Protein chains: 2
Amino acid sequence: MTPDRLSVTLSALADPTRRGILARLATGEANVKELAEPYDMSLAAVSKHLKVLEQAGLISRGKDAQFRPCKLEAGPLRDVDGWLESYRRFWEESLDQLEVYLAELQKGDPDGSRN
Amino acid sequence: MTPDRLSVTLSALADPTRRGILARLATGEANVKELAEPYDMSLAAVSKHLKVLEQAGLISRGKDAQFRPCKLEAGPLRDVDGWLESYRRFWEESLDQLEVYLAELQKGDPDGSRN
DNA sequence: GACGTATTCAACCATTACGTTATCAACTCA
DNA sequence: TGAGTTGATAACGTAATGGTTGAATACGTC
């Protein structure tokens with residue numbers, strides 16, 4: 001079965017090398033050799049990571065002589081953000097709870113019995 | 001090498017069954033059999049998915065007789081949201097660009113030559 | 001054309017992921 | 001105690017992942 005877009009995006013992101021590459025690309029375009037420089041692995045391995053990122057739509061690649069400049073494409077990240085949206089309340093809620101608690105403390109009502 | 005937390009979280013999320021389970025748990029606690037019901041796979045398979053989610057800290061499990069109620073834990077999701085933060089500008093920026101473009105269109109300046 | 005640089009591809013290997021079935025363990029209740 | 005239910009574990013097959021090395025391709029330059 002062909003996996004859904006979100007699964008493809010998330011599994012592309014579930015690798016620290018690939019996230020590192022994206023972080024580097026967030027500062028501007030770069031070619032394969034530049035992207036590979038920080039990593040202790042072969043160029044071929046980095047090339048494979050780039051292929052994964054490209055197939056997930058997280059990067060696009062241009063062509064400049066024998067260089068293949070890579071560019072960040074944020075679309076799939078926005079999709080992840082959209083998916084997260086439905087869960088955001090879970091941690092925002094508990095933050096609110098904490099705020100309420102702290103406010104009560106400050107009022108000298110540590111058991112939060114009001115409400 | 002033991003993988004970093006964020007990688008563990010993202011690869012746990014990179015499976016539609018597991019995301020489906022989280023979506024179900026967003027509506028309240030449920031036991032394993034209930035969680036397995038929508039899926040065309042063995043209970044053992046679902047049990048494995050739950051183990052992955054638990055090890056990623058995305059769910060916790062209680063104990064009630066022979067039932068093992070599962071509960072959503074949003075902490076790791078908040079971490080993902082935090083990671084996304086550094087990239088948010090990429091799609092918010094391009095949305096701004098679009099807004100500028102549309103505004104120019106409305107003013108009868110389709111080539112956006114002002115600026 | 002030959003050389004150097006950048007990048008990909010092919011073949012291979014080890015490990016992990018995801019499903020199966022069969023078995024085991026814990027608990028409830030008649 | 002014994003049966004039924006819930007859930008986890010073990011052993012297994014198969015496919016995917018992430019790395020390697022070595023050869024191939026594409027381009028610019030001497």
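All values reported here derive from a predicted model rather than from experimental measurement. Chain A is the first sequence line, chain B the second, and so forth, proteins listed ahead of strands; every chain is numbered from 1.
Of the two residues contacting DNA chain D, namely A65(A) and M41(A), the nearest-nucleotide position lying further toward the 5' end is that of M41(A). Comparing K63(A) and A14(A) by the nucleotide of DNA chain D whose heavy atom lies nearest to each, the residue mapping closer to the 5' end is A14(A). With DNA chain C read from its 5' end, the first of the two nearest nucleotides for A44(B) and V52(B) is the one closest to V52(B).
Between the side chain of R18(B) and the backbone N or O of H49(B), no donor-acceptor pair lies under 3.5 Å. Proximity of a side-chain donor or acceptor of D4(A) to a complementary backbone N or O of S7(A) within less than 3.5 Å is detected.
Here dT8(C) presents its C1' atom at 13 Å from CD of Q55(A), a figure rounded to the nearest Å. Atom-to-atom, CG of L43(B) to P of dG19(C) comes out at 13 Å; the value is rounded to the nearest Å. For the pair F67(A) CZ and dT25(D) P, the interatomic distance rounds to 21 Å; values are reported in whole Å. Between the CZ atom of R61(A) and the P atom of dA26(D) there is a distance of 15 Å, given to the nearest Å. Between the CD1 atom of I59(B) and the C1' atom of dG7(D) there is a distance of 13 Å, rounded to whole Å. Rounding to whole angstrom units, CG of residue D64(B) and P of dT6(D) are separated by 12 Å. Atom CG of L35(A) and atom P of dT8(C) are 10 Å apart (whole Å). Straight-line distance from the CZ atom of R68(A) to the P atom of dC9(C): 9 Å, rounded to whole Å.
Checking dA26(D), dT28(C), dT7(C) against every side-chain atom of K33(A), the shortest atom distance belongs to dT7(C). Looking at the side chain of A45(A), the nearest of the listed nucleotides dA6(C), dG19(D), dT5(D) is dG19(D).
Residue S60(A) is tested with E29(A), K71(A), E73(A) for a side chain to side chain donor-acceptor pair (under 3.5 Å); the sole match is E73(A).
An OP1 or OP2 oxygen of dT6(D) is reached within less than 4.0 angstrom by no side-chain nitrogen or oxygen of N31(B). Between S42(B) and dT20(C), a side-chain N or O to OP1/OP2 separation shorter than 4.0 Å is present. In this model, the phosphate group of dG19(C) is approached by a side-chain N or O of H49(B) to a distance below 4.0 Å at OP1 or OP2. Checking the phosphate oxygens (OP1, OP2) of dT9(D), a side-chain nitrogen or oxygen of K51(B) falls inside 4.0 Å.
Taking the six-membered ring for Trp and the full ring otherwise, W91(B) and Y87(B) have centroids separated by 6.0 Å or more.
I21(A) and F67(A) fall into different hydrophobic clusters, where Ile, Leu, Val, Met, Phe, Trp and Tyr residues are linked whenever their side-chain heavy atoms come under 4.5 Å apart, directly or through other members.
Put simply, the side chain of K48(A) and the base of dG19(D) share a donor and an acceptor less than 3.5 Å apart.
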